[in-house]
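What follows is a single structure, written as structure tokens, with notes after it.
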Amino acid sequence: MTIRLYNTKARAKQVLEPLNPDNVRMYVCGPTVYDRAHLGNARPVIVFDVLYRLLRHVYGPDHVTYVRNFTDVDDKINARAIENVGKGGDVNAEIARITAQTTHWFLDDMGALGALEPDAMPRATQYIPQMIAMIEDLIGRGHAYEAEGHVLFAVDSYADYGRLSGRSVDDMIAGSRVEVAPYKRNPMDFVLWKPSSADLPGWDSPWGRGRPGWHIECSAMSHELLGESFDIHGGGNDLMFPHHENEIAQSCCAHPGSGFARIWMHNEMLQVEGKKMSKSLGNFFTVHDLLEEGVPGEVIRFVFLSTHYRKPMDWTAEKAREAQATLRKWYRQAEQGEGNAEPYVAVVEAVSDDLNTPKAITELHRLSQADDRSTLRATLRFLGLMADGVPDWAARPVADLSALETRLAQARAAAMQSKDFSEVDRLKAALVAVGVEVRMSKDGVELVPGAGFDVARLEGLD
């Protein structure tokens, strides 16, 4: 099976030719653990989980190494800890609590979306010695310099800087917020190490007590766990510059001739109901929020797979409803599947063509229509849409809402005459509370089960 993936660096699809077919290696940038993962954070997890499953299917589970890190030393984490404990509080203890708790939250939430855990999930704080060693090497090779307790990478020492994002250094300066500091030789030079005050996390180093910059951690951890060169590096396209650009520069300069990652993959961003997700717009929510509202993890995953990873994805309530209805039908078919069938070849081929999951879903519809239940079951598992059996939510009966529609329509008609809409408002609120979307227009009343609807919640509704 030939796998073709779009390489951001080459601006083209390329055939994956592993450096070692017995150990196909992939590194994906993970979360900074200081809060719940928002819905956008889930997109790269699902995208690269699909790729991980494909690689395991083609090369064998024992021949794939997937690494995704946790950033547990970061100024955002420090700020959150200081905010929580106040001046004079034990900031370091609070940082340990925050990072442990949010790491646990992240794994639980992503597991609910059907994501397999990577083979290695390194925490940045576990690899400080490796980061220090890499920084020392960069200084020794003339690619980094110490200034006022900081160590900075000298961007002009690496001729290919900007090749990944396709921008010149001048363009990057003009189009980004560059930290201005008197100790920098060049505005684009970035921090490898910085000093820490006594109340913040810090480690001893040749440059004094301090902590690493953001970019060096991924270079050090990927080198330690995957070697100087590996097959695939992934993440959201918001990481292309400066994070991935800086990773390439420092890794290639620390290990000349290595090439670092051969294929770079980036997923596009997420919108909600056609708008950028933002707290100010009131459309910002976490994966946990959706799960708590009763939206099944399989439904969230299906909606994500419905859009190609290199295109912007729009989360809508309508898409979630449609996904739930489709999955419910497929699960009831797949439940009758028998034996150890292989995933549908057309689906595997679609995923092998740069993770074309929308086409894979089209093929799943055809498979359902053909009523090949055993292959459907195997294929849903391949895509991470089904585990050992039918999820509880899909096994429950679907409610007949027609009687409630009639009742609400009658109450509404009476209210139009009496001008007293209190009963209509009461019924509507009760229905919304149990996950039913109420649509009222001049044509009448329509009740639609929402993504978090559970027929059992209708019991006692009066």
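Being a predicted model, the structure only gives us computed values, none of them experimental. When reading the values below, keep in mind they use all heavy atoms of this one structure, side chains included, and skip hydrogens, waters and symmetry mates.
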Taking S165's backbone N and O only, do any of them form a donor-acceptor pair with E245's side chain (distance below 3.5 Å, no angle check)?
yes
Would Y309 and D354 count as having a side-chain donor-acceptor pair, cut-off 3.5 Å? yes
Check your understanding: Got more than 12 heavy atoms from elsewhere within 6.0 Å of NZ, K275?
Key -> no
Check: Q271 side chain, W315 main-chain N or O, donor-acceptor pair, under 3.5 Å: no
Heavy-atom closest pair (P122 atom, Y127 atom, distance to 0.1 Å) is CB-CE1, 3.4 Å
Would one find more than 12 heavy atoms of other residues, nucleotides or ligands at under 6.0 Å from atom NZ of K194?
yes
### Task
Indicate whether the side chain of D289 and that of T286 have a donor and an acceptor atom separated by less than 3.5 Å.
yes
message: Does this structure show an ion pair linking R332 with E335, if we count only N-O contacts that are shorter than 4.0 Å?
response: no
Ring-ring centroid check F285 H38, cutoff 6.0 Å: no
T307 (side chain) donor-acceptor with V303 (main chain) under 3.5 angstrom:
no
When rounded to the nearest 0.5 Å, the distance separating CH2 of W214 from OG1 of T71 is 7.5 Å
Exercise. Mind running side-chain hydrogen bond (donor to acceptor under 3.5 Å, both in side chains) on S197 and D199 for me, showing each step along the way?
Key: CA-CA 6 Å; S197 58; D199 61 334; 2.5 Å; yes
When every non-hydrogen atom of H63 is compared with those of D22, the smallest separation belongs to ND1-O, 3.0 Å
Residues R97 and N84: closest non-hydrogen pair is NH2-ND2, 3.9 Å
Could you walk me through whether N23 and T65 pass side-chain hydrogen bond (donor to acceptor under 3.5 Å, both in side chains), step by step? CA-CA 6 Å; N23 185 16; T65 304; 2.7 Å; yes
Taking the inter-plane angle between the rings of Y161 and F190 on a 0 to 90° scale, is it parallel (under 30°), tilted (30 to 60°) or perpendicular (over 60°)? parallel
From the list I232, I248, L5, side-chain contact (heavy atoms from CB on, under 4.5 Å) with W264 holds only for I248
In short, T2 meets V15 closest at the heavy-atom pair CG2-CG1, 3.8 Å
Distance col, row L367:CG vs W330:CH2, nearest 0.5 angstrom, shows 9.0 Å
Check: Counting only heavy atoms not in D371, do more than 12 sit closer than 6.0 Å to its CG atom?
Finding: yes
| task | Report the C-alpha distance between Q324 and W393 in whole Å, list the side-chain angles of each, state the deciding distance to 0.1 Å, and finish with yes or no for side-chain hydrogen bond (donor to acceptor under 3.5 Å, both in side chains). | result | CA-CA 10 Å; Q324 186 160 359; W393 64 266; over 6 Å; no
Salt bridge flag under 4.0 Å for residues K359 and E349
no
Less than 4.0 Å between a side-chain N and a carboxylate O, is that true for R4 and D353? yes
Test: D74 and R80 ion pair at under 4.0 Å: no
Kindly check if the number of other-residue, nucleotide or ligand heavy atoms within 6.0 Å of OH (Y34) is above 12?
no
CG of L385 to CG of L380, rounded to nearest 0.5 Å, is 6.0 Å
query: Are H243 and C218 close enough, and set up right, to give a side-chain contact (heavy atoms from CB on, under 4.5 Å), and what steps lead you there?
result: CA-CA 9 Å; H243 186 51; C218 287; 3.5 Å; yes
### Query
Side chain of N267, backbone of R310: donor and acceptor closer than 3.5 Å?
no
query = Are R328 and Y331 in a cation-pi setup, meaning NZ or CZ lies under 6.0 angstrom from the ring centre and within 45 degrees of the ring axis?
reply = no
Next item on the list: Quick one: do H365 and Q369 satisfy side-chain hydrogen bond (donor to acceptor under 3.5 Å, both in side chains)? Show the steps, please.
Entry: CA-CA 6 Å; H365 280 290; Q369 290 167 4; 5.6 Å; no
Ignoring hydrogens and geometry, is there a side-chain-to-backbone donor-acceptor pair from S222 to S219 under 3.5 Å?
yes
The reported gap from CD1 in I46 to CD1 in I300 (rounded to nearest 0.5 angstrom) is 7.5 Å
- Do K13 and Y6 meet the cation-pi criteria used here (NZ or CZ under 6.0 Å from the six-membered ring centre, within 45° of the axis)? no
Exercise for the section: Check whether the ring centres of Y344 and F382 lie less than 6.0 Å apart, and answer yes or no. Expected result: no
- Between N356 (side chain) and V351 (backbone), is there a donor-acceptor pair under 3.5 Å? no
Report the C-alpha separation of H266 and H244 in whole Å, then their side-chain angles, then the decisive distance to 0.1 Å, and conclude whether the ring-ring contact (aromatic ring centres under 6.0 Å, His included) test is met.
CA-CA 10 Å; H266 295 91; H244 289 167; 5.0 Å; yes
Query - Whether over 12 other heavy atoms sit under 6.0 Å from K428 NZ - result: no
Distance col, row D72:CG vs T125:OG1, nearest 0.5 angstrom, shows 3.5 Å
The reported gap from CG in L19 to CZ in F230 (rounded to nearest 0.5 angstrom) is 10.0 Å
May I ask you to decide if A334's main-chain N or O and R377's side chain share a donor-acceptor pair within less than 3.5 Å?
yes
